[in-house]
Every structure is written in C-alpha cells, then in structure tokens.
Asker: 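This is the structure I have questions about; it appears just below.
Each ligand, and each atom within it, is numbered from 1 in the order the structure gives. Here the structure is a predicted model, which means the values were calculated and not measured.
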Amino acid sequence: MPTSAELHQRRSAAVARGVSSMIPSYVSSAGGGTMTDVDGREWIDFAAGIAVTSVGNSAPAVVSAVQEQVEKFTHTCFMIAPYEQYVAVCEELAALTPGTFEKRSALFNSGAEAVENAVKIARHATGRQAVVVFDHAYHGRTNLTMALTAKVMPYKQGFGPFAGEIYRVPMSYPFRDGGLDGATAAAQAIGLIEKQVGAADLAAVLIEPIQGEGGFVVPAPGFLAELAAWTKSTGAVFIADEIQTGFCRTGAWFASFDEGIEPDLITTAKGIAGGLPLAGVTGRAEIMDAVHPGGLGGTYGGNPVACAAALATIGMMRELDLAAAARRIDSLARPRLEALAAKHPVIGEVRGRGAMLALELVKPGESGPFGPAPDPAAASAVAKAAHEAGLLLLTCGTWSNVIRLLPPLIIDDDELDRGLSLLEQAFL
Ligand code: PMP
C-alpha cells in the first residue's frame, strides 16, 4: 500500500488545488469512533465526515443492506423506472419529521441540491421570489446555495455572479448580540424583512435551527418559533435546513422538535444514509405537490443503494435510540468542556446541543464591533495539536474561531473519553 506521503505527491499532480483536505493522511479504514490511515496511525473521530457517519463508518447493518441492494440493481433512475426503496425512505421522512399533517418528499444527492430544490418548491408554491436567509448561514456551494451562504472565504470568493432575490438578516447569536432574548431578536429580523423585502413578495424564510458551518450558533429560545409563526402569517414557506442538525444529532430526530416548531419544509442529508450520498426535501403535501410532474428530479436522486443504506441507518437509529446516545454524549462531554473553559479564558463560550457541541475561542478581555474578539489562530492551533495527537477535530464559524465536536453517535464511552482527553491536552 502506498504511504500517505506518496499519495500526497500523486494527489498534488492529479487533484485540483481548490479541493483541500484537513489532514495530510490518507485513510485505509474507519470503524465506530476511529479512523486509521495507510501508515497505521489511528485517530479518534470527532468529525464523522462532517456529521455524516452518525451510525459509525461501515456499520454492519448498512454494509449488508448496501451489498444486498447492489446485487439486485444499482440504478434505474426513479424518473424512469421507480422502486420501493425510494418510496420507503419518503415514508420514513414523513413519519420522523415534525408535524402530523400530510407530507410528501423528494430525494436528491447532496445537501446543496436539497436546499436548491426546497427554494424552487417554495417559489413555485407561493408564486413569489424573495428568500430570506441569516447571517452566518451555510447552505452549500452550488450557485443558488452560494448566494444563500454567508461567508465569502473560502465559499464564494471569485465565484459570482450569485443568484438574485436573496436577502440576509441578523441571526439570534446570544454570545455576540448582547444576549437578546428570542422574541426581541426575532422582532428585529422580522422588522427588517418587512421594511427591506416586503412580506407580500416573500417566498421563504430559510434557516438552520442550529447553525453548522457558521459556528454552531444556537439561537435564543423562542427565536425560531416567533420567526416560524410570522412566516406562516405572511403565506410564505418556513424552511428548516436540518442537513447538519437532523437524524438524532442534537438529541432528537430533528432539532425542530426542541424548538416546538413544525417547519413547512425540511431539508435533510448527511446523517440520513450512513455515508452514502442521499438528501431529501420533506414537507406539507400542498406545498410539495404544487410543483408540476417532472418539475423535480435528477438522474441519481434517491439512488436505490443510497436508499437501502438510509433505511438501514434509520433502523439503527431507532433500534439503538441514537437520539438518546446524542444526549448522553452531551451529558458526558459538556461538563468536561465547561471545566476546560473555566481553566482557559480563550474559551469564550461552550454551546451546542446533543452531539453537536462547540467551543468559541476569543482573545480574553478584547472586544470589537461583533462582541468578544474572535481568536482564529488559537482555534487552528488547537485543531492542529489535536490532529497530531490523534484526534480528528473540526473548526467552523464566520471568524474560523470555533472548535466543533461531531462524534459519531455510536462512539463508545472509552473512545469519547480518550477524544476529550486529547482535546483537553490540545489546550495546554
Ligand atoms: N446545509 C447545511 C446546514 C450544511 O451543514 C451543509 C453541509 N455542511 C449543506 C447544507 C450542504 O450540504 P452538501 O455539502 O451535502 O451539499
């Protein structure tokens, strides 16, 4: 087997520079909460492929479902010749997402594609064009989703022109907005939408219930509920992007449950299929079915192998109660993160929910126009020290100053403990 160094040389000559990797090591295998590279080094995995492998990597139930399906057929295109697995995933999505109203789903390949389609559906159903998104939002890298995403570097720089009719308003971000309560933060956002967009032209309000790439920003309680209620009152579509928060990550099937909201549409991807590419848009039947036959689709969307993986993944989540596992990770990790914050003033805030936890790093005692001065250098130093010590750890945030924990939900207590110890040591 070639070494990582050899593979890196080959990569430099073959792979575009724009596609970068966090570590220079090449994977040979990955299991529950660990990953091994071609040189035999092992990492505790607090990344889960960016919140994807919640049931673990190569989970046996997913592997056998995939193997069985591959032997039956790999692809027919659901738009040509349909199959049960697609229908079954849509049935699961209807059952698992918030709201007992009648629902429909459509399946796609990636999160960005799901978000694009949610916007298409909302515009079609309302006959309106304006879409409201939030500061720090991340919704993908395709042309429309770049416009929806807030951060310029590395996602948008030089890639314009961007899609039109997208409007951005402030997010409830208690650590940085002076601790505004949810109702006040929502009133501010709504006031801006009314004055700068106009409720009559509003097709959709699109928001991550807890922002992912933007820094694991947890809005103040009530913010989402106020926003959802107001959106509904205008006749626009309230879309929750649960691509990162969904499928048990935050300790419930979907983060919307914690907020007591029933979004009109929900986008899903990542954790849904144990690592195979699959995404969905699920929502109110009358909104979803507003689109004419043939108006939604794509060659691979809802591929049968990915659907088989999703059904096995959802089965595992149900059987092992991985929502409870996420809450357990929270209860084990949070006290250690809080103890760490008490020791290191560079940690300005510990936040998150379930197995989606974060540390926001700041320069102690310094503040600027956006509140406590962000410390991206400290975040990258901690992540680098962790990688070298054997812990896969991601950063995020508008200022790249947030350390985020996204372990697989099936991580065992020993792996979690070792990972947290490595994180603690990375701060020394
Ligand atoms: N929305 C959210 C909330 C995400 O976290 C992501 C991925 N980080 C996306 C959309 C885009 O998903 P994908 O990378 O599968 O296109």
Asker: Regarding ligand 1, does D241 bring an N or O atom to under 3.5 Å of one of the ligand's N or O atoms?
Answerer: yes
Asker: Note the single closest protein heavy atom to atom 5 (O) of ligand 1, along with its residue, its atom name and the distance in Å.
Answerer: Q244 NE2, 2.8 Å
Asker: List the closest protein heavy-atom neighbour of atom 8 (N) of ligand 1: residue, atom name, distance to the nearest 0.1 Å.
Answerer: K270 NZ, 3.0 Å
Asker: Check whether any side-chain heavy atom of P408 sits under 4.5 Å from a side-chain heavy atom of V55, and report yes or no.
Answerer: no
Asker: Hey, is atom 1 (N) of ligand 1 under 4.0 Å from any protein heavy atom?
Answerer: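 Given the 4.0 Å cut-off, atom 1 (N) of ligand 1 counts as touching protein heavy atoms.
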Asker: With respect to atom 12 (O) of ligand 1, which of S110, A240, G111 exhibits the smallest heavy-atom separation?
Answerer: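 That would be G111.
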Asker: Sequence neighbours excluded and cut-off under 3.5 Å, please list the side-chain donor-acceptor pairs for residues 269-286, or say none.
Answerer:
unit_1, atom_1, unit_2, atom_2, d
K270, NZ, I50, O, 3.2
T282, OG1, S105, OG, 2.7
R284, NE, D264, OD1, 2.7

Asker: Report the part of E213 (side chain from C-beta onward, or backbone N, CA, C, O) that has a heavy atom under 4.0 Å from ligand 1; answer both or neither where that applies.
Answerer: side chain
Asker: Could you tell me if the ring centre of F254 sits under 6.0 Å from that of F247?
Answerer: yes
Asker: Give me the nearest non-hydrogen protein atom to atom 16 (O) of ligand 1 as residue plus atom name, then the distance to 0.1 Å.
Answerer: A112 N, 2.8 Å
Asker: Determine whether the aromatic ring centres of residues Y83 and F73 are separated by less than 6.0 angstrom.
Answerer: yes
Asker: Which of the atoms in ligand 1, numbered in the order shown and given with their element, are less than 4.0 Å from a heavy-atom of E208?
Answerer: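 Counting from 1, the qualifying ligand atoms are 3 (C).
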Asker: Cation over ring, K156 on F162, under 6.0 Å and within 45°?
Answerer: yes
Asker: Under 6.0 Å between the ring centres of F238 and W230?
Answerer: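 Between F238 and W230, the centre distance exceeds or equals 6.0 Å.
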